[in-house]
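Below is one structure, written out as structure tokens; the observations come after it.
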Amino acid sequence: MEENVNKGIKYMLIASFLFALMGITAKELSSTLSSIEIVFFRNVFGVFFILFSIYKSPLNQMGGKFWLLIFRGTAGFIALLFFFYNIANIPLGEAMTFSKTSTIFTALLAYFFLKEHIGFKGWIGVFIGFIGILFITEFDGSSLKKTDYLGILSGVGAALAYTSIRELRKYYDSRAIVLSFMAVGTICPLILMIISEFYVNSNLDFMLGEFIFPTNKDWIFIVLLGIFSTYAQIYMTKAYSFAKAGIIGTISYSNIVFSIILGLFMGDSFPSFIIVLGIILIVISGILVSKK
């Protein structure tokens with residue numbers, strides 16, 4: 001039993017480091033490619049990977065929740081799009097922290113829509129989490145920056161995707177659920193890049209961007225992006241199969257630490273005291289909610 005827990009922790013640490021490396025490659029690509037194009041390449045790689053897996057071992061499922069499947073894919077795509085936009089525009093550690101707020105929103109969505117119990121400890125975690133969000137956004141009562149509200153929405157989008165998975169896994173093979181996300185995340189960017197050829201709006205730069213043919217250097221990072229993100233998912237899945245979700249969920253916050261360290265090597269500024277405090281509160285919140 002202890003050996004399995006240790007394996008789970010090891011796999012989650014590997015996954016967290018790979019997610020941080022994925023963020024670094026996305027940040028590097030953002031100097032030449034738009035966020036929407038990076039999302040496209042990140043997902044098209046995954047589509048071929050999943051289709052090959054299905055070819056080798058056909059799906060075994062009952063189906064029946066097609067529109068929920070599309071909803072999961074759309075919510076996941078939006079969350080990833082906002083996440084990658086933030087990676088391009090704010091320090092990597094802060095972008096990762098915003099994405100980890102999904103734990104808070106998942107608990108709330110599961111409570112209201114799936115009638116799942118949160119408990120006293122969980123509610124304390126939710127409260128601490130929202131205080132952490134105020135700190136990391138450095139909200140002063142006036143207005144939020146674009147990256148702040150997109151960061152929060154990336155957490156909400158991921159939470160919607162995770163919550164829908166709890167219902168979808170009763171009807172679909174896990175690969176079909178992942179494929180819904182990858183397929184939507186490939187088709188929608190294509191449509192948005194075509195629209196961007198005819199329509200320009202700087203306020204919508206988080207979702208619009210013309211296709212730019214990647215340079216040789218870009219192709220290297222695109223391949224690395226696909227490899228890091230795919231293997232991060234594989235190791236994360238392995239981790240959850242070896243140990244309890246509460247333990248693995250706690251270890252998963254190590255990707256914030258990895259992201260801050262790697263971000264500093266990329267030239268990110270060290271987060272201010274108030275942002276560090278916000279990050280700590282969000283981590284504490286996530287741990288309390290996952291152990292509710």
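- The hydrophobic clustering, which links ILVMFWY residues whose side-chain heavy atoms are closer than 4.5 Å, places Phe265 and Leu224 apart.
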List the steps and the verdict of side-chain contact (heavy atoms from CB on, under 4.5 Å) for Phe41 and Trp219.
CA-CA 10 Å; Phe41 281 118; Trp219 282 118; 3.8 Å; yes
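- Note: Phe206 and Phe82 meet the aromatic proximity criterion, with ring centroids under 6.0 Å apart.
- Atom CE of Met193 sits about 11.0 Å away from atom CD1 of Ile195, to the nearest 0.5 Å.
- Taking the six-membered ring where the residue is Trp, Phe213 and Phe211 present perpendicular rings, their angle passing 60° and hence far from 30°.
- There is no side-chain donor-acceptor pair under 3.5 Å between Asp205 and Ser202.
- Neither Ile194 nor Ile38 shares a network with the other; the hydrophobic side chains, linked directly or stepwise wherever heavy atoms of I, L, V, M, F, W or Y lie under 4.5 Å apart, form separate groups for each.
- A salt bridge (Lys or Arg N to Asp or Glu O under 4.0 Å) check over residues 249-269, counting only residues at least two apart or in different chains, returns the pairs Lys27-Asp268.
- Using modelled atom types, one side-chain atom of Asn86 and one backbone atom of Thr147 make a donor-acceptor pair closer than 3.5 Å.
- Open room surrounds OH on Tyr162; 12 or fewer heavy atoms of other groups in view lie less than 6.0 Å from it.
- Distance check: Ile284 CD1 to Ile131 CD1 gives 12.5 Å after rounding to the nearest 0.5 Å.
- Using a 4.5 Å cut-off between side-chain heavy atoms of Ile, Leu, Val, Met, Phe, Trp and Tyr, with links allowed through other members, Phe77 and Phe48 fall into the same hydrophobic cluster.
- Going from atom CD1 of Ile152 over to atom CG of Leu144 covers 5.5 Å, rounded to the nearest 0.5 Å.
- No side-chain donor-acceptor contact under 3.5 Å links Ser102 to the backbone of Gly155.
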Stepwise ring pair (Phe, Tyr, Trp, His ring centres under 6.0 Å) check, Phe135 with Phe273
CA-CA 10 Å; Phe135 282 1; Phe273 173 76; 8.9 Å; no
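- Of the N and O atoms on the side chains of Asp218 and Thr32, at least one donor lies less than 3.5 Å from an acceptor on the other residue.
- Under the 3.5 Å distance criterion, the side-chain polar atoms of Thr163 are left unmatched by any main-chain donor or acceptor of Leu160.
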Give the C-alpha distance, both sets of side-chain angles, the deciding distance and a yes or no for side-chain contact (heavy atoms from CB on, under 4.5 Å) between Met182 and Val178.
CA-CA 6 Å; Met182 300 288 191; Val178 174; 4.0 Å; yes
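- Side-chain contact between Leu208 and Ile36 is absent, with no heavy atoms from C-beta onward closer than 4.5 Å.
- For the atom pair CG of Leu33 and CD of Glu28, the computed distance is 10.5 Å after rounding to the nearest 0.5 Å.
- Transitive grouping of hydrophobic side chains (ILVMFWY, heavy atoms separated by less than 4.5 Å) brings Ile227 and Phe258 into a common cluster.
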Check step by step if side-chain contact (heavy atoms from CB on, under 4.5 Å) holds for Tyr199 and Leu204.
CA-CA 10 Å; Tyr199 177 72; Leu204 298 177; 4.3 Å; yes
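- Between the CD1 atom of Ile191 and the OG1 atom of Thr186 there is a distance of 11.0 Å, given to the nearest 0.5 Å.
- Legend: salt bridge (Lys or Arg N to Asp or Glu O under 4.0 Å) pairs involving residues 64-90, not counting sequence neighbours: none detected.
- Residue Ile261 is not grouped with residue Ile24 when hydrophobic side chains (ILVMFWY) are merged at heavy-atom distances under 4.5 angstrom, including chains of intermediate members.
- Considering CZ of Phe49 and CD of Gln233, their distance stands at 10.5 Å, rounded to 0.5 Å.
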Start with the C-alpha distance between Ser252 and Met236, add both sets of side-chain angles, then the distance that settles side-chain contact (heavy atoms from CB on, under 4.5 Å), and finish with yes or no.
CA-CA 9 Å; Ser252 72; Met236 182 178 69; over 6 Å; no
